[in-house]
Structures are given as C-alpha cells and as structure tokens.
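Worth saying up front: this structure is predicted, and the values here are computed from it rather than measured. Letters go in sequence order (proteins before strands), and every chain restarts at 1.
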Amino acid sequence: MEGNIADMGQFIGAGLACVGMGGAGIGVGLVAGNFLSGALRNPAAAGEQTATLFIGIAFAEALGIFSFLVALLLMFAV
Amino acid sequence: MATEGGSRFNIHPMEQFEVHPLFGDGPVHWYTPTNATLWMALTVLAVSLLMLVGSRGRALVPSRMQSIAESIYGFVHKMITDITGKEGAKYFPYIITLFLFILFANLLALIPGSFASTSHIAVTALLALAVFITVTAIGFYKHGAHFLNLFWVKSAPTVALRCVLAVIEGISYFVRPLSHSVRLAGNMMAGHAVLKVFAGFAGALGFAAFVPILAITAVYGLELMVAVIQAYVFTILTVVYLNDALHPGH
C-alpha cells in the first residue's frame, strides 16, 4: 500500500459520482419504455411523437452527463 | 491535468483531447493554428462541399449528393415547422447551420486519428451561449415584457404557486446553456474515451486482444449512432427554445 490519502479520496469520489449515471439510466429506460408501450397501443400516433421521445431522453440523460462531468473533474482537474 | 491517474494504461484515454499547435511546440495563442482549428475548418469545408456540390446540378432526378443534401434540408425544415409552425421557418438558416456543423464535426471526429472538436466544452459552450442569447433576444424583441410570461405562469391558480413556479422556471431557463453544451461535449468525450480505454486493453492483452477489438467495433457502431442523435438532440432543443421565445406563456 502506497500513495497519499488525497489520491484515494479523488478516486473514491470519482467512483461515487458515477453512481449518478445509474439514475440517468433508469430515467432514459422509463422514457423509452413508456414510449414503446404507448406506441404499441396506438401505432398510428407514434410517428409524430418521436421528437418528444428524443427531447425526453435528452433531458433525462443530461443529469447523468453532469455526474460523469463531476467524476472527470475529480480525476483530472482537481 | 494529473498524469498519475492513467499511468497503468499504455494509452492514456484523455490524451486525444489535447489541443496542440500544428507547427512547432510554441505556446497556444488565440490565433495559433491548432489541431482543433484544423478539424473545425475541415468540418466547415465538408459542409460547404456537400451543399455546393448538392445544389449545383438542381436536377429533377437528383444525383446521390443532391438527394443527400435535399433530405437533410427537408428533415430540418420539417423539424422546425412541426414544432414552431410557420413562424419559425424564418430562422431556418441558423438552425440548419448548427445541425450540419455539429453533425459533421461529430462524424469527422470518428475518423481514427482525428480530433473531436465537439468534445471540447469551449466549442459547445460557445454554440449553446449563442443559441441562448439569440433566443432570449428574439423573445424580448417579439413580445417585449410579455416574454416574462414564460416565468409568470398565468394558468397557475394562486399567486403563491406562481411565485414558486417563477423560481423553478427561472432556474430551468438559466441552466439551459449549461445542460445544452455539457450534453453534447460530455457525450462525445465519454464515447471517445471509452474507445481509447478499450484500445488500451487491446494493447495489454496480447493474443486475447481480439475480445477488446470486437468490443471497439461494437462501440464504434454505437458512437456512429450517438454522433447523429446528439446533433439531432442539440438542434431539436434549439428549436424547442426558439418555440418558447416565439410563443411564451405556453
């Protein structure tokens, strides 16, 4: 065991920050799954709603990207 | 950047994002030609080539180039008119410029050995801030003080609720340029870093390297999809923000 305690804190913090990406995964899955179940009930209306689908996915995903950014900042910028 | 974090890889996953001058090793000034400026210039060149060659023939039965240019044009035009109606069509040139620049920057970044200009937050933040300022200016120009109805929600029943909503709407409005830029840069950076991490595995494994190489192939396909989807998402969010400015108060 060698290395200093600040490095350890960086690595643990970066790993913990990545947990936030799981939340984004759940969110994107919910959006896509609900879209699919709605689309299978009413396929005729599904085509017009793909833009809404992508907007929803983008909003859900942005927060996961924020946590990834925090992890990157901890690893390389602090 | 701390270098000790990546010393266990024989390929550093973040090295590909370094900006360095094209000629010599001098310091980077704002006018220095770097790899970032080179690849952004190539992006502009590729977009111009597509549009110039595509619109030269103007044949009734389009050539391959012309039909690519036409379908991109039609795709973006439909996206704008679907969301904002007729009023947004005036801003079509700006939106298609954004879309084509981001799309080609993302796709050119996937050429091995090239430089991912959209993975830099400086590039995407500039694009997102330009959108934010333009859209806010359009909102105030078109509607004056009525643009603030975007924050003061008239359909909420009580004044107390309106105050709470004003705070929430205000935060979500001013975090827009941040999320808009970080989404694109983060997605591109993450994808390219993943490719490099797998490449590092392939270098370390010897004969078993075919496993990470297969994984790289799969991730590359995914990245191709992400490149197109992120360009689409950036553009469609721009159109949604523009729609908020054209029709505030929901």
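For B/F234, no part sits under 4.5 Å from any heavy atom of chain A, backbone or side chain. Of the atoms belonging to A/L72, it is side-chain heavy atoms, and not backbone ones, that fall under 4.5 Å from chain B.
Separating the CD1 atom in A/I65 from the OG atom in B/S179 is a distance of 11.0 Å, to the nearest 0.5 Å. The CZ atom of A/F54 sits 8.5 Å away from the CD1 atom of B/I236 when rounded to the nearest 0.5 Å. B/L237 CG to A/F59 CZ: the interatomic distance, rounded to the nearest 0.5 Å, is 5.0 Å.
Using a 4.5 Å heavy-atom cutoff, the side chains of A/E61 and B/V233 are not in contact.
Side chain of B/R183 to main chain of A/A58: a donor-acceptor pair is present (N/O by atom type, distance under 3.5 Å, no hydrogens or angles).
Within 6.0 Å of CG on A/L40 lie more than 12 heavy atoms contributed by other residues, nucleotides or ligands.
In terms of heavy-atom pairs under 4.5 Å with chain A, the best-connected choice from B/N187, B/V240, B/V239 is B/N187.
Residues A/F68 and B/G186 approach most closely at CE2-O, 3.9 Å, considering heavy atoms.
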